[in-house]
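Inspection log for the structure reproduced underneath, given as C-alpha cells.
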Amino acid sequence: MKKFVIEPTKERIVAQAGLAIVGNLLNQTNLVSRLNAYKLPEISRYPACSNGDVAKSYIGLLCQGKSDYDNIETFRDDAFFALALDIQRVPSSPTLRQRLDQAALVEKWKTILHEESLDLIRHTNAEISPVYAKDKPYIPVDLDVSPFDNSKTKKEGVERTYKGCDGYAPMFAYMGQEGYCLHVEMRKGSVHCQKGTPNFIQETIQSARKLTDQPLLFRLDSGNDSRDNLIILLENHASFIIKRNPRKEKAEDWLNIARKYGICCEEREGKKVYLGSIPETIQIKDQERSIRKVFKVTERTISRDGQIFLIPEYEFETYWTDLEVPPHVVISLYHNHGTCEQFHSEIKSELDLERLPSGKYETNGLVLHFGVFAYNLLRLIGQESLKKQDTPLKKKTTRRRIRTVIQNMITLASKLVFRGRQWKLKVAETNKWLPVFTRLYQAFY
C-alpha cells in the first residue's frame, strides 16, 4: 500500500459543493427579508449577525445532516459556506444558540418557516403524486406521531413516550407519495396522540389547499380514532381512511358480522378472510352524513405449518372511510400509510434531529421547524434529480432518500476558484455525479 504525504494547501478545497444548490433554493424564498424585518425581544434591531444569516447558517448545517450548534464553528472561516448561502456573517456557536433561544419565545419564526417552506414547494412546481381509488386521484396526507428518543437527558419536556423511552412525541403531516412535510407540531413525550389533533388537522387542510386543488385523502392510525376528527374532515370535504380503535370489541362478534355482510375468500386451507363494509351515519350540524365501516376478519383453523388448532384463531381490523371503493382497495390504501415511518426516519436519523440540541422545550420546537424546512429542501433536490437518468444509480425509484441526497449531492468535493471576476466550482471530470450536480444547480438558479 502506498504511503501518503499529508500537506497543507492554500487552495480552497470545498467538501460541500451541494450547498450552492441549497443557496439557490433559499434565494427563491422571502425567508431572509421576513426574518430580518421581525425584531426579536432583547435583540437589537440591527444585530451584528442578522436573523437571516443565523437562519441560513443553521439550515446549511441541517442540509449536511448536522444539528449540533458547535458544528457551525467549522464554517466560520469557510469562504464557500458564506458565498453559497449568501451569508454576510456566519454566527458563532453561542450566537446561534442564543438567537434561537430568543426566537423560540415567539411563534413568528415558526410561522415564517412554515409558510416559506410551503411557498417554495409551490414556487418550484414540485410534483405531488396522487394515489388512485377506482381511477380517481387523491393526494394522500399522512398524519402520524413519531417518538424522539432523548433518554438520559434532563431536557425540558422530556417525558415517557408510548414507545417506552424518554423523549418527545411530535406530530407530522406528510403530503403526496414524495413525502413533503406539510406541518409539524412539537409535543411532550407523555401527551396522547389525539390531544390537539383536531386543530392540527384543520391547519394541515389549509396548508394542503395552498399546494393542490385535487381531492385530499387523510390517513391516520387507530390512536386518532375520534369523532372530532371525522367531523372536521367531513366539514372540509376531505376524504379519509382512519383505522378504528377496537377498544372492547370482540373478534367473535366481528366474525358474525363478517359472515352476514362480508365476502369470504379462502386464501389457503384453514385460513378464511372476510372482507366487507357496513354503513354508518354521523351527525354534523343538524345533518346526517353517511360513512362506511370497512372490516377485514381472519379465521384460522390450521397454521401455515399445517398444525390444526383445537380452538380457531380470529383477527379483525376495521376502518372508517368515506370512499366508495371495494374494501380491499381501502385496506391497501391504508397500508401505504406505513411509508411515513421512512419519512420519520429521514428526519430523525439523516438530519440528526432525534436527539434535539437544546435543553429548552420551545427552542427544540423551533429547531424541529428548521429541520422540516431543510427536509423539504433536500426532498426537492432529490426529486428533481430523478427527472433524468444521468445519475450513477441505475436502480429505478420514485423517491430519492435524504441520505442519498446528502451523501452524493450535498457533500460533493470541488475546488473553489476566483478567476475572470467569477467564482468557479471545479469538480473532477471523473466524478459520476457531475452531470446531475450541474443540472440541479441550473434548474434552481
Side-chain angles (χ1 to χ4, degrees), residues 6-37 46-66 71-93 95-96 99 116 119-120 123-125 373-374 377-378 380-382 384-385 387-388 390-392 405-445:
I6 300 175
E7 295 180 348
T9 179
K10 291 185 179 180
E11 293 180 315
R12 297 187 180 97
I13 308 299
V14 175
Q16 307 86 16
L19 290 180
I21 303 172
V22 174
N24 286 349
L25 284 168
L26 286 173
N27 286 337
Q28 296 185 33
T29 71
N30 295 317
L31 181 67
V32 173
S33 59
R34 293 184 66 183
L35 291 179
N36 287 339
Y46 302 106
C49 191
S50 68
N51 294 338
D53 284 350
V54 170
K56 288 199 289 187
S57 296
Y58 196 53
I59 290 170
L61 283 184
L62 290 172
C63 286
Q64 300 174 65
K66 301 176 181 180
N71 288 320
I72 196 64
E73 295 295 334
T74 309
F75 302 98
R76 291 192 67 192
D77 298 320
D78 189 328
F80 174 74
F81 187 81
L83 281 171
L85 300 178
D86 193 20
I87 296 172
Q88 303 304 313
R89 182 172 180 177
V90 179
S92 65
S93 174
T95 299
L96 179 61
R99 191 67 57 85
E116 290 301 321
D119 287 345
L120 182 60
H123 180 72
T124 55
N125 297 316
F373 191 98
L377 280 178
L378 295 172
L380 284 168
I381 295 172
E384 182 68 25
S385 72
K387 291 185 177 180
K388 288 186 179 180
D390 53 359
T391 68
V405 175
I406 294 175
Q407 289 179 345
N408 297 308
M409 301 175 212
I410 301 299
T411 55
L412 186 77
S414 66
K415 180 180 176 181
L416 182 64
V417 177
F418 183 74
R419 184 179 298 166
R421 293 184 292 181
Q422 285 186 324
W423 287 101
K424 299 180 181 180
L425 279 177
K426 294 193 172 185
V427 182
E429 61 182 14
T430 56
N431 192 319
K432 301 299 183 181
W433 287 92
L434 177 57
V436 67
F437 174 76
T438 306
R439 177 169 60 84
L440 290 171
Y441 182 80
Q442 294 171 348
F444 294 122
Y445 187 73

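- Within the 4.5 Å cutoff, the side chain of V90 has no heavy atoms near those of the D53 side chain.
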How far apart are the C-alpha atoms of Q16 and D78, what are their side-chain angles, what is the distance that settles it, and do they pass the side-chain contact (heavy atoms from CB on, under 4.5 Å) test? CA-CA 11 Å; Q16 307 86 16; D78 189 328; 4.2 Å; yes
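- The backbone N or O of L35 lies less than 3.5 Å from a partner atom in the side chain of N51, making a donor-acceptor pair.
- Rounded to the nearest 0.5 angstrom, K56 NZ and L85 CG are separated by 7.0 Å.
- Between the side chain of E116 and the main chain of T29, no donor-acceptor pair closer than 3.5 Å is present.
- Proximity of L412 to L425: side-chain heavy atoms (C-beta onward) are nowhere separated by under 4.5 Å.
- Smallest separation of non-hydrogen atoms from L61 and F75: CD2-CE1, 3.6 Å.
- Nearest heavy atom pair, residue F437 against residue G18, reads CE1-CA, 3.8 Å.
- Residue R89 holds its CZ atom at 11.5 Å from OG of S57, rounded to the nearest 0.5 Å.
- Within the 4.5 Å cutoff, the side chain of I72 has no heavy atoms near those of the Y58 side chain.
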Set out, in order, the CA-CA distance, both residues' side-chain angles and the distance that settles side-chain contact (heavy atoms from CB on, under 4.5 Å) for L377 and L120, then state yes or no. CA-CA 8 Å; L377 280 178; L120 182 60; 3.2 Å; yes
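- What you find for S50 and N36 is that their closest heavy atoms are CB-OD1, 3.5 Å.
- D86 pairs by the side-chain hydrogen bond (donor to acceptor under 3.5 Å, both in side chains) definition with nothing, not counting sequence neighbours.
- A 4.5 Å side-chain heavy-atom check between L31 and F373 finds at least one atom pair inside the cut-off.
- No side-chain heavy atom of K415 sits under 4.5 Å from any side-chain heavy atom of R12.
- In this structure, the side chains of F444 and L26 stay at 4.5 Å or more apart for every pair of heavy atoms.
- S385 is linked by a side-chain hydrogen bond (donor to acceptor under 3.5 Å, both in side chains) to R400, counting only residues two or more places apart in sequence or in another chain.
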R34/N30 under side-chain contact (heavy atoms from CB on, under 4.5 Å): CA gap, chis, key distance, verdict: CA-CA 6 Å; R34 293 184 66 183; N30 295 317; 4.2 Å; yes
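- By the neighbour-count criterion of 12 heavy atoms within 6.0 Å, atom CZ of F418 is densely surrounded, having more than that number from other residues, nucleotides or ligands.
- Note that the CG atom of L378 and the SG atom of C63 stand 4.5 Å from one another [nearest 0.5 Å].
- Looking at every heavy atom in both residues, A443 comes nearest to E384 through CB-OE2, 3.8 Å.
- Within the structure, the salt bridge (charged side-chain N to carboxylate O under 4.0 Å, His left out) test picks out the following pairs touching residues 430-439 (sequence neighbours left out): D390-R439.
- Contact annotation: the side chain of L25 approaches that of I381 to within less than 4.5 Å [non-hydrogen atoms, C-beta and beyond].
- Distance CD1/I87 to CZ/F81: 4.5 Å, rounded to 0.5 Å.
- Distance check, rounded to the nearest 0.5 Å: CG of N431 to OG of S414 gives 9.5 Å.
- Here the side chains of E73 and S92 are in contact, with some heavy-atom distance below 4.5 Å.
- To the nearest 0.5 Å, atom CG of residue L19 and atom CZ of residue F80 are 5.5 Å apart.
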